[in-house]
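Order of appearance sets the numbers: ligands from 1, and atoms from 1 within every ligand. The residues of the chain are indexed from 1 along the displayed sequence.
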Amino acid sequence: MNELKLSPTGVIRYETCPKQALFYLQGYRTEAKADALIFGSVVHDVLAGYHAGTVPPDQLGAAWDQKWSAAIAQPIAYGADRSPDGLRQTGAALFSAYHDVWQATGLRTVTDDQGPCVERRLFVRLPRAQVLFEGVIDLVATREGPPAIIDHKSPGAKPDPSFPEKSDQLLAYQALFDANAPLHGLGPAAQIGFAALVKRAVPKTSRGTGPEVLPPHLVERRSAAEVAEYWEKVADTASAMRAGSFRRRSLAEHNSPCKLCEYEAACWRNDFTGLTRGQDRTLDL
Ligand code: SF4
């Protein structure tokens with residue numbers, strides 16, 4: 001049995017719809033990525049530089065502008081009310097506010113012997129399930145106490161404040177971080193949470209709420225029982241994948257994952273237009 005690589009996102013993708021996970025594992029990707037994906041990835045990149053100390057506060061706007069210009073050279077599928085220039089303005093507004101919001105939190109980036117804990121890739125081997133579980137933690141920060149794990153998001157609206165307590169992604173990062181404690185030597189994470197840069201459009205008049213940087217919303221670490229249950233879920237996901245269980249999961253109309261699925265045409269009409277094919281990872285199963 002080959003070792004299977006899984007990530008927090010991979011587990012969520014399988015839970016969302018096993019068939020969607022199969023298309024992904026088979027290497028299918030959209031030719032034009034969604035604007036939200038590109039926007040989020042440039043935001044992550046700029047924030048990584050800022051928190052690692054390579055992008056000074058007064059260069060945040062310039063870093064955003066330069067990276068956004070480079071990113072939009074690729075094919076991007078823009079939503080109905082979004083454009084490259086509109087999103088550029090949104091990013092500029094977010095990064096003109098970011099430093100002050102961050103300073104006011106009293107948090108600072110944690111550093112270990114590998115440097116600032118930014119975009120830190122961590123691994124855990126689950127030998128019984130033959131899984132290599134890996135995830136990238138955006139930021140580890142502290143207020144001169146135990147560390148907190150922060151994941152950056154760039155949603156279109158204010159996030160649900162109750163979600164960090166339920167998020168599998170944050171639970172997975174906590175589990176990964178704690179399992180690597182002997183390596184990084186920072187001890188277990190005390191808190192976990194999301195920091196949202198809300199990418200509303202810049203309003204055309206003085207009325208209306210535009211882009212908004214929210215301070216990290218941190219919650220207490222999850223219990224050992226929840227962590228154990230999560231590792232069981234990872235093992236179960238691997239074993240279902242190995243068993244070839246990749247059924248469609250369209251759910252009900254009001255909560256169907258098909259609405260946002262980039263494989264909808266391929267799945268229901270065998271139409272693979274707009275998809276490219278990369279490395280087939282089902283061979284690892
Ligand atoms: S279209 Fe629906 S059923 Fe098909 S892969 Fe996507 S989410 Fe799954």
Completion exercise
For Glu264, the ligand 1 atoms with a heavy-atom partner under 4.0 Å come out as 1 (S)
Handout entry: Contact check, side chains of Pro116 and Leu139, non-hydrogen atoms, under 4.5 Å
Key = no
Handout entry: Cys17 backbone or side-chain N/O/S under 2.8 Å from atom 8 (Fe) of ligand 1
Key = yes
Practice task
Find out whether Arg200 and Thr209 are in side-chain contact, i.e. whether some heavy atom of one side chain is under 4.5 Å from a heavy atom of the other.
Solution key: yes
Problem - Residues, nucleotides or ligands: over 12 heavy atoms within 6.0 Å of Glu229 CD - result: no
Handout entry: Sub-4.0 Å atoms of ligand 1 with respect to non-hydrogen atoms of Arg249
Key = 3 (S)
Exercise for the section: Kindly determine whether Arg88 and Asp85 satisfy salt bridge (charged side-chain N to carboxylate O under 4.0 Å, His left out), including the steps that lead there. Expected result: CA-CA 5 Å; Arg88 185 189 299 278; Asp85 276 347; 3.8 Å; yes
Completion exercise
closest protein heavy atom to atom 4 (Fe) of ligand 1 is Cys267 SG, 2.4 Å
Problem - Geometric cation-pi criterion, Arg125 with Phe133: 6.0 Å, 45° - result: no
Exercise for the section: Flag the pair Asp138 and Arg120 as a salt bridge only when some basic side-chain nitrogen lies within less than 4.0 angstrom of an acidic carboxylate oxygen. Expected result: no
Completion exercise
So the atoms of ligand 1 within less than 4.0 Å of a heavy atom of Gln20 turn out to be 5 (S), 7 (S)
Handout entry: Interfacing atoms of ligand 1 (cut-off 4.0 Å, heavy-atom, Cys258)
Key = 1 (S), 2 (Fe), 3 (S), 7 (S)
Exercise for the section: Look at the N, O or S atoms of Cys261, main chain and side chain alike, and state whether any lies under 2.8 Å from atom 6 (Fe) of ligand 1. Expected result: yes
Exercise for the section: Write out the residue and atom name of the closest protein heavy atom to atom 1 (S) of ligand 1, then the distance separating them to 0.1 Å. Expected result: Trp268 NE1, 3.2 Å
